[in-house]
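One structure is given here, and the rest of the page talks about it.
On a predicted model such as this, the values are computed, not experimentally measured, just so you know. Numbered from 1 within each chain, the chains take letters A, B, ... in sequence-line order.
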Number of protein chains: 2
Amino acid sequence: MSPRIGLDEQTLLRAAAELADEQGFEAVTLASLAQKLHVRSPSLYNHIEGLGALRAKLAFYSLSILYDDLAAAVEGLEGDEAVYALGAAYAAYARRHPGLYEATLRAPDRQENELERVSSEIVGLIVGVLRYYGLEGDAAIHATRGLRSILHGFSSIERSRGFGMALSVEVSQKLLISAFLAGIHVMKQEETGRPNPAAK
Amino acid sequence: MSPRIGLDEQTLLRAAAELADEQGFEAVTLASLAQKLHVRSPSLYNHIEGLGALRAKLAFYSLSILYDDLAAAVEGLEGDEAVYALGAAYAAYARRHPGLYEATLRAPDRQENELERVSSEIVGLIVGVLRYYGLEGDAAIHATRGLRSILHGFSSIERSRGFGMALSVEVSQKLLISAFLAGIHVMKQEETGRPNPAAK
DNA sequence: TTGCCAAAACTAATGGCATTAGTTATTATA
DNA sequence: TATAATAACTAATGCCATTAGTTTTGGCAA
């Protein structure tokens with residue numbers, strides 16, 4: 001009927017992303033992708049080196065979009081406002097792209113250099129936002145780990161429908177972040193020569 | 001050679017758990033499990049209803065152990081001490097049983113009643129620990145969601161080798177929890193008629 | 001002790017998947 | 001217009017889960 005459809009890697013990734021978000025990450029197979037593109041599955045090997053490579057590139061594709069979303073969200077903001085914006089954008093991404101978000105979690109040990117790089121860039125964005133609080137050395141690393149844990153943990157549980165109660169998840173996330181910020185302020189005070197008797 | 005080995009579901013689950021922790025959740029297949037048990041894979045169907053059921057029961061098995069670990073850890077403690085103990089036990093479980101921990105994340109939509117129940121029991125444990133802080137209504141739910149997010153998010157990132165820097169993860173987790181507790185105290189104050197001008 | 005039967009484990013077969021080898025045919029370009 | 005690169009194809013292999021149907025065993029009742 002129509003040989004030479006003109007596929008390329010970008011087309012494959014976009015189609016795979018749709019499959020992931022509509023039917024879940026599990027549904028992304030070479031067979032289903034080939035069907036969606038009206039092609040036989042061996043034809044896909046002309047554009048990508050198998051299922052493993054597809055998944056790795058899908059994770060990269062996903063993290064790239066996430067990075068862009070996060071960067072746009074914090075653009076021009078700083079301090080608490082930037083942290084809240086970052087959290088909202090992160091959660092929104094995971095909600096809008098559940099399958100792509102899952103793809104980032106299934107990434108095969110970031111041996112892949114590309115993956116490594118974009119992951120670092122996202123961490124760098126978080127570090128940049130937290131720089132405002134002037135934490136030194138180890139404290140900055142601990143804080144970054146903490147915020148990453150909060151962002152991922154919250155979205156991950158939300159995605160798996162882990163929050164049963166009918167109560168705003170946006171409010172929950174905002175409160176969690178504000179708790180984190182309260183902790184940052186305490187850390188900061190203790191660092192500056194502890195003029196603070198700390199909590200009981 | 002030796003027909004009638006005498007398998008049962010518990011034996012299958014224990015072997016599957018070993019496979020998961022030693023070689024990763026992906027490695028748990030009926031084929032690999034059968035090989036480990038010196039049996040042909042169709043024989044497994046005498047004891048479990050296929051791969052899906054095996055995975056679901058493995059998730060249940062995992063959460064049951066996690067529940068026991070957490071319950072033992074908070075036994076006799078309350079307040080901040082209980083929360084720290086809970087966090088340490090949670091992280092220790094995820095470290096000691098990476099494959100089993102992953103199994104809980106891959107659980108097929110907790111349609112399974114058993115799974116639903118043990119998940120609720122774990123949430124109940126967290127609710128119990130947070131009850132000490134006397135939060136009312138929605139605040140209690142938000143706090144529970146927050147602590148769950150922290151525990152899961154941290155362990156999840158640690159498991160995927162997401163924390164690159166050579167800096168104690170135990171300290172990171174403890175600081176994160178202390179930040180959370182600082183936030184709880186602030187929430188509590190605001191709830192009690194706001195004698196607190198809140199952060200800027 | 002003997003014989004029976006429930007069920008544990010088996011072999012054989014099916015279908016879906018990823019992957020490889022080798023073929024056809026189209027498109028760009030020389 | 002002819003050729004070379006390559007997109008897409010068919011055919012075939014091997015692994016996996018699963019089902020059907022068979023063999024064999026071990027406990028239990030007569």
Side-chain angles (χ1 to χ4, degrees), chain A residues 1-61 99 102-103 106-109 111-112, chain B residues 1-20 22-61 99 102-103 106-109 111-112 115:
Chain A
M1 194 65 78
S2 57
R4 293 289 161 125
I5 301 183
L7 294 181
D8 60 13
E9 195 178 282
Q10 275 306 305
T11 308
L12 260 62
L13 286 178
R14 270 191 282 266
E18 275 187 31
L19 267 177
D21 285 337
E22 288 167 6
Q23 304 182 38
F25 179 78
E26 300 285 355
V28 180
T29 64
L30 292 185
S32 65
L33 181 58
Q35 188 175 29
K36 184 181 176 81
L37 295 169
H38 307 292
V39 144
R40 304 307 181 111
S41 55
S43 305
L44 299 177
Y45 285 80
N46 284 314
H47 307 285
I48 202 143
E49 295 154 17
L51 183 63
L54 177 67
R55 289 181 169 169
K57 290 197 188 265
L58 196 60
F60 171 74
Y61 179 80
E102 193 174 357
R106 299 285 194 92
D109 277 344
Q111 208 73 32
E112 315 288 330
Chain B
M1 194 65 76
S2 57
R4 293 289 161 126
I5 301 184
L7 294 181
D8 62 11
E9 196 178 281
Q10 275 307 305
T11 308
L12 261 62
L13 286 179
R14 270 191 281 265
E18 275 186 31
L19 268 177
E22 289 167 7
Q23 304 181 39
F25 179 79
E26 301 285 355
V28 179
T29 65
L30 291 186
S32 65
L33 181 57
Q35 188 174 30
K36 184 181 176 80
L37 294 169
H38 307 292
V39 144
R40 304 307 180 112
S41 56
S43 304
L44 299 177
Y45 285 80
N46 284 315
H47 307 286
I48 202 143
E49 296 155 16
L51 182 62
L54 177 67
R55 289 181 168 168
K57 291 198 187 263
L58 196 60
F60 171 73
Y61 178 79
E102 191 174 359
R106 298 287 194 91
D109 276 344
Q111 208 71 34
E112 315 289 331
L115 255 184

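When the side-chain nitrogen and oxygen atoms of A:H47 are compared with OP1 and OP2 of D:dT6, none of them lie within a distance under 4.0 Å.
In this structure, A:L51 places its CG atom 6 Å from P of C:dA18, rounding to the nearest Å. Regarding B:D8, its CG atom lies at a distance of 14 Å from the C1' atom of C:dA7, rounded to whole Å. Rounded to a whole Å, the CD atom of A:E49 is 15 Å from the C1' atom of C:dA18. Between the CD1 atom of A:I5 and the P atom of D:dT6 there is a distance of 19 Å, given to the nearest Å. The interatomic distance linking B:Y45 (OH) with D:dG21 (C1') rounds to 16 Å, in whole Å. Atom-to-atom, CD1 of B:I48 to P of D:dT18 comes out at 11 Å; the value is rounded to the nearest Å. Atom CZ of B:R55 is separated from atom C1' of D:dA17 by 11 Å (rounded to the nearest Å). Distance A:L54 CG to C:dC17 P: 15 Å, rounded to the nearest Å.
Taken residue by residue, residues 32-42 of chain B places heavy atoms nearer than 4.0 Å to DNA chain D at B:S41, B:P42.
Here A:Q23 pairs with nothing under the side-chain hydrogen bond (donor to acceptor under 3.5 Å, both in side chains) rule; sequence neighbours left out. Applying the side-chain hydrogen bond (donor to acceptor under 3.5 Å, both in side chains) criterion to A:E9, with sequence neighbours excluded, gives no partner residue. For B:A53, the side-chain contact (heavy atoms from CB on, under 4.5 Å) criterion is met by B:I48, B:E49, not counting sequence neighbours.
In this structure, of D:dC16, C:dA18, D:dC9, it is D:dC9 that holds the atom nearest to the side chain of A:S43. Relative to the side chain of A:L7, the nucleotides D:dA8, C:dA18, C:dA9 differ in distance, and D:dA8 lies closest.
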For residues 38-46 of chain B, dump all side-chain donor-acceptor pairs below 3.5 Å to protein atoms at least two apart in sequence or in another chain.
unit_1	atom_1	unit_2	atom_2	d
B:S43	OG	B:R40	O	3.2
B:N46	ND2	B:S43	O	3.4

List, one per line, each side-chain donor-acceptor pair under 3.5 Å for residues 11-22 of chain A, sequence neighbours excluded.
unit_1	atom_1	unit_2	atom_2	d
A:T11	OG1	A:D8	OD1	2.6
A:E18	OE1	A:K36	NZ	3.0
A:D21	OD1	A:G99	N	2.8
A:D21	OD1	A:L100	N	2.9
A:D21	OD2	A:H97	ND1	2.8

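Taking OG1 of A:T29 as the start and CZ of A:R55 as the end, the distance is 8.5 Å to the nearest 0.5 Å.
B:N46 contributes a side-chain N or O that forms a donor-acceptor pair with the base of C:dA9 under 3.5 Å.
Salt bridge absent: B:E102 and A:R106 never bring a charged side-chain N and a carboxylate O closer than 4.0 Å.
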